[in-house]
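This report refers to the structure that appears directly beneath it.
Hydrogens, waters and symmetry mates play no part in the numbers below; they use all other heavy atoms, side chains included. What you see is a predicted model, and the numbers here were worked out from it, not measured in a lab.
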Amino acid sequence: MASPVLRAGDVIRLTTAASVQFLKPIVVRVIRELPDRYTYDGWLWLDAYELGRKGEAVARRELFVMRAGVQVQALRPSEDARSLVPTRRREAVGVG
């Protein structure tokens, strides 16, 4: 199975498969990979927002994880696929 290439906006779940630090799994939204940092083969540094139960960003984190242990939950929308990530709809509100 190929390891995912992570892009800004991807939502991933991190468990002990990604690192022993995730005994309690977390879900994060990727900001970017940090390619300039030294890593071991198969590992990477991520800049990401940890997401709360409602999908809101609760903390910004820099994470060192095993790429093969990353569980992709949702991909960022692209020009070809607009509905991969659920988005919150804004409704127009009339005034007066």
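Within the 4.5 Å cutoff, side-chain heavy atoms of R61 are placed close to those of I26. In this structure, the side chains of L34 and L46 stay at 4.5 Å or more apart for every pair of heavy atoms. Using a 4.5 Å heavy-atom cutoff, the side chains of L51 and V28 are not in contact. With a 4.5 Å cut-off on side-chain heavy atoms, I12 and V27 do not count as touching. In this structure the side chain of Q71 reaches within 4.5 angstrom of the side chain of T15, judged on heavy atoms.
Between R60 and D47 there is a salt bridge, with a side-chain nitrogen of the basic residue lying less than 4.0 Å from a carboxylate oxygen of the acidic one. R37 and E62 are joined by a salt bridge, as a carboxylate oxygen and a charged side-chain nitrogen come within less than 4.0 angstrom of each other. No salt bridge links E56 with R29; every basic N to acidic carboxylate O contact stays at or beyond 4.0 Å.
Judged as a side-chain contact (heavy atoms from CB on, under 4.5 Å), and not counting sequence neighbours, the contacts of Y38 are Y40.
Atom CE of residue M66 and atom OG1 of residue T16 lie 10.0 Å apart, to the nearest 0.5 angstrom. Atom CG of L14 sits about 13.5 Å away from atom NZ of K24, to the nearest 0.5 Å.
For the pair F22 and L63, the tightest heavy-atom approach, listed with the atom from each and the gap, is CZ-CD2, 4.0 Å. Across all non-hydrogen atoms, the minimal contact from A8 to I31 is CB-O, 3.2 Å.
For the pair T39 (side chain) and W43 (backbone), a donor-acceptor distance under 3.5 Å is present. With hydrogens and angles ignored, the 3.5 Å screen pairs no side-chain donor or acceptor of Q21 with any backbone N or O of S19.
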